[in-house]
Structure formats: structure tokens, C-alpha cells
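Presented below is the structure to which this report refers.
Values below: every heavy atom of this structure, side chains too, minus hydrogens, waters and symmetry copies. Positions are given from 1 along the sequence.
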Amino acid sequence: MEKSFWTDAPEETKEIARGLGRGAKAGEVYALIGDLGVGKTVFSKGFAEGLGISEPITSPTFTIVQEYDGGRLPFYHFDVYRIDDAEELFEVGLTEYLYGEGVCLIEWADRIEDLLPQGAVRITIEKDVPEKPDRRKISIK
């Protein structure tokens with residue numbers, strides 16, 4: 001089942017993500033897909049807030065994964081934009097994260113589609129309205 005939302009400001013995007021974070025359960029994987037600059041990190045910040053994490057969330061572009069333990073569940077925030085070889089992900093323990101006690105959110109998840117668990121929640125963020133540069137369509141399935 002797919003749900004779609006339209007947002008017109010970063011705070012609205014964060015609010016949708018907060019709702020998902022509030023409902024997230026241990027072992028779930030969220031695959032975040034979208035072009036550069038659509039708001040994936042904004043979404044990730046809102047998701048973390050929904051988990052009760054108050055520390056600053058940054059995109060782990062160069063570290064691949066950031067771990068946050070300050071919320072109701074451990075939060076594993078991945079950014080796989082710079083991954084050239086899936087072996088790099090296994091070196092940082094991808095399998096343990098995906099099947100661990102926390103929640104994974106993976107930015108640029110379409111780059112590792114074959115490695116995602118079958119039940120991963122796919123979230124696509126698109127911007128496509130030239131006259132409204134802050135408008136986003138967020139699709140969740």
C-alpha cells in the first residue's frame with residue numbers, strides 16, 4: 001500500500017518523518033530515495049526526533065553510518081551515496097544493523113536495492129514544481 005503527501009516547507013517534511021519515527025519498531029528498515037537536495041537529511045532529522053533523539057543529526061556521507069542511542073530505540077542512519085562496492089557496507093556491519101535491535105534509515109537506498117530486506121519501507125521524496133521550489137511529494141510504501 002502506498003501513501004503520498006505533499007509538503008511546502010522543510011518543517012512539514014520533518015513532521016511527516018516525526019510521525020514515522022514515533023511509530024517505528026525495532027528491526028525496521030526505512031529506505032530513503034530521492035535526488036540530491038530534495039530533503040533526505042531533513043527527513044532523517046524529523047525521523048530521529050520522532051524516536052526521541054535530541055542530539056544533532058548530520059548526514060553520514062563520509063562515515064557511511066551514524067549511531068544514535070539517545071531515543072526510545074537505537075537509530076542507525078546510513079548514507080550510501082559514496083558507496084562503490086557493497087563490500088564496504090559489509091565491512092561496517094550492515095547485516096548486524098539491518099537485523100539488529102534498532103531502526104535503520106538509509107539515504108540513497110536505491111543504490112543498494114539488492115541488499116535491502118524484503119519488508120523495508122520505501123520512502124521516495126521528489127520535487128517537481130518549478131514555481132514552488134520548496135514543494136515535495138513524499139511517497140511511502
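Annotation: D35, atom CG; neighbour count of heavy atoms from other residues, nucleotides and ligands within 6.0 Å does not exceed 12. Counting non-hydrogen atoms of other residues, nucleotides and ligands closer than 6.0 Å to CD of E11 gives a total above 12.
In this structure, the side chains of I138 and F43 come closer than 4.5 Å at one or more pairs of heavy atoms. Using a 4.5 Å heavy-atom cutoff, the side chains of R122 and L116 are in contact. The shortest distance between side-chain heavy atoms of Y97 and E67 falls below 4.5 Å. L115 places none of its side-chain heavy atoms less than 4.5 Å from the side chain of L98. The closest side-chain heavy-atom distance from H77 to I57 is below 4.5 Å. Annotation: side chain of I125 is not in contact with side chain of T7 (no heavy-atom distance under 4.5 Å).
Atom-to-atom distance recorded for K3:NZ and K141:NZ is 15.0 Å, nearest 0.5 angstrom. The NZ atom of K40 sits 11.0 Å away from the CG atom of L105 when rounded to the nearest 0.5 Å. Rounding to the nearest 0.5 angstrom, the gap separating the CG atom in L94 from the CD1 atom in I64 is 9.5 Å. In this structure, the separation between SG on C104 and CD on E28 is 10.5 Å, given to the nearest 0.5 Å.
Applying the salt bridge (charged side-chain N to carboxylate O under 4.0 Å, His left out) rule to E107 yields no partners; only residues at least two apart in sequence or on another chain are considered. Residues forming a side chain to side chain contact (heavy atoms under 4.5 Å, CB included) with D134 (at least two apart in sequence, or on another chain): none.
Just one residue in the list R22, R18, R72 forms a salt bridge (charged side-chain N to carboxylate O under 4.0 Å, His left out) with E49, and that residue is R18.
At a threshold of 4.5 Å between side-chain heavy atoms, the hydrophobic network of Ile, Leu, Val, Met, Phe, Trp and Tyr places I140 and I106 in two separate groups. Residue V121 is not grouped with residue V29 when hydrophobic side chains (ILVMFWY) are merged at heavy-atom distances under 4.5 angstrom, including chains of intermediate members. In terms of hydrophobic clustering, with Ile, Leu, Val, Met, Phe, Trp and Tyr side chains grouped at heavy-atom distances under 4.5 Å, L36 and I83 are assigned to a common cluster. Both V38 and Y30 are part of a single hydrophobic cluster, where members link through side-chain heavy atoms under 4.5 Å apart. Both L32 and I16 sit in one connected hydrophobic cluster of ILVMFWY residues. Membership requires side-chain heavy atoms under 4.5 Å apart, directly or through other members.
The two residues G34 and W108 make their nearest non-hydrogen contact at O-CZ3, 3.5 Å. The two atoms that bring G71 and I53 nearest to each other are N-CG1, 3.6 Å, heavy atoms only. Summarising the geometry of Y68 relative to T58, their closest heavy-atom pair is OH-N, 3.4 Å, with the distance given to 0.1 Å. Scanning all heavy atoms of the two residues, the minimum distance from A109 to I33 falls at CB-CG1, 4.4 Å. Between V103 and K25, the shortest heavy-atom contact is CG2-O, 3.5 Å. What you find for L51 and A24 is that their closest heavy atoms are CD2-CB, 4.1 Å.
F47 and F75 have tilted rings, their planes meeting at an angle from 30° to 60° on a 0 to 90° scale.
Using modelled atom types, no side-chain atom of R135 and backbone atom of W6 make a donor-acceptor pair closer than 3.5 Å.
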